[in-house]
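Right, one structure below, let's go through it.
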Amino acid sequence: MKLNVDCIRAVLLEIEKIPYGQNLRPKTLYSSLETFAEEDINYSIIKLKEAGFIDAVIVESDDGFIFRFLVNDITWDGHQFLNNVREASVWEKAKEKCRKIGSLSIPILSDAASAILSSLITSQF
């Protein structure tokens with residue numbers, strides 16, 4: 001399955017809204033992100049956990065599909081990525097630059113967004 005980087009970002013933005021000590025359940029996430037298919041959201045949750053960006057419990061069926069999940073929090077690395085790509089204009093510029101070089105991987109997108117942010121900060125001084 002193809003990784004939907006826009007869904008990854010949207011999922012992180014939704015998880016960030018969870019009050020400390022509470023959990024995010026699938027039904028809540030699906031209704032908040034209606035523009036994405038449940039399959040994309042589920043896959044994003046799996047990959048975000050694999051990347052160490054979220055703390056979550058994922059229960060998979062025997063055939064490897066998500067049966068249910070419970071998201072507890074965003075990790076330090078998840079916050080670092082999200083802070084780099086939070087601003088929509090930075091996110092769009094980062095995706096555009098990464099498409100030109102042929103890579104939309106999460107580390108490359110994060111690096112591109114960080115470089116764009118650094119450039120914007122430098123231009124302010």
Find the distance between [atom1] ([X]) and [atom2] ([Y]) and round it off to the nearest 0.5 Å.
X	Y	atom1	atom2	value
Tyr20	Asn72	OH	CG	10.5 Å
Lys27	Ser32	NZ	OG	12.0 Å
Tyr43	Ile8	OH	CD1	9.0 Å

Shortest non-hydrogen contact from [X] toward [Y]:
X	Y	value
Gly78	Leu12	O-CD1, 4.4 Å
Ile58	Phe69	CG1-CB, 4.1 Å
Ala94	Ala113	CB-N, 3.9 Å

> Can you name the side chain to side chain contact (heavy atoms under 4.5 Å, CB included) partners of Ser119, sequence neighbours left out?
Replying inline: none
>> So, using side chain to side chain contact (heavy atoms under 4.5 Å, CB included) as the criterion, who are the partners of Asp40 when residues are at least two apart?
In response: Met1, Asn4, Cys7, Ala37
With salt bridge (Lys or Arg N to Asp or Glu O under 4.0 Å) as the rule and sequence neighbours excluded, what pairs involving [range] come up?
range	result
residues 107-117	none
residues 82-94	Glu16-Arg86, Glu92-Lys95
residues 42-59	Lys47-Glu50

> If you measure only the distance, is there a donor-acceptor pair under 3.5 Å linking the side chains of Asp6 and Trp91?
Replying inline: yes
> Mind checking what makes side chain to side chain donor-acceptor pair (under 3.5 Å) contact with Ser114, not counting sequence neighbours?
Replying inline: none
>> Asp73: which residues meet the side chain to side chain donor-acceptor pair (under 3.5 Å) condition with it, sequence neighbours left out?
In response: none
> Do Ile74 and Phe53 come close enough that some side-chain heavy atom pair is under 4.5 Å?
Replying inline: no
> Hey, are the side chains of Asn23 and Ile18 touching, using non-hydrogen atoms and a 4.5 Å cut-off?
Replying inline: no
> Is there a donor-acceptor pair under 3.5 Å between the side chain of Arg9 and the backbone N or O of Val85?
Replying inline: yes
> Under the criterion side-chain contact (heavy atoms from CB on, under 4.5 Å), which of Val11, Leu48, Asp77, Thr75 is the partner of Ile54?
Replying inline: Leu48
Who pairs with [X] by salt bridge (Lys or Arg N to Asp or Glu O under 4.0 Å), at least two apart in sequence or on another chain?
X	value
Lys2	none
Glu34	none
Lys17	Glu14

> Would a hydrophobic clustering, with Ile, Leu, Val, Met, Phe, Trp and Tyr connected at side-chain separations under 4.5 Å, put Ile106 with Ile108?
Replying inline: no
> Using a side-chain heavy atom cutoff under 4.5 Å and only I, L, V, M, F, W and Y, what cluster partners does Val90 have?
Replying inline: Ile116, Leu117, Leu120
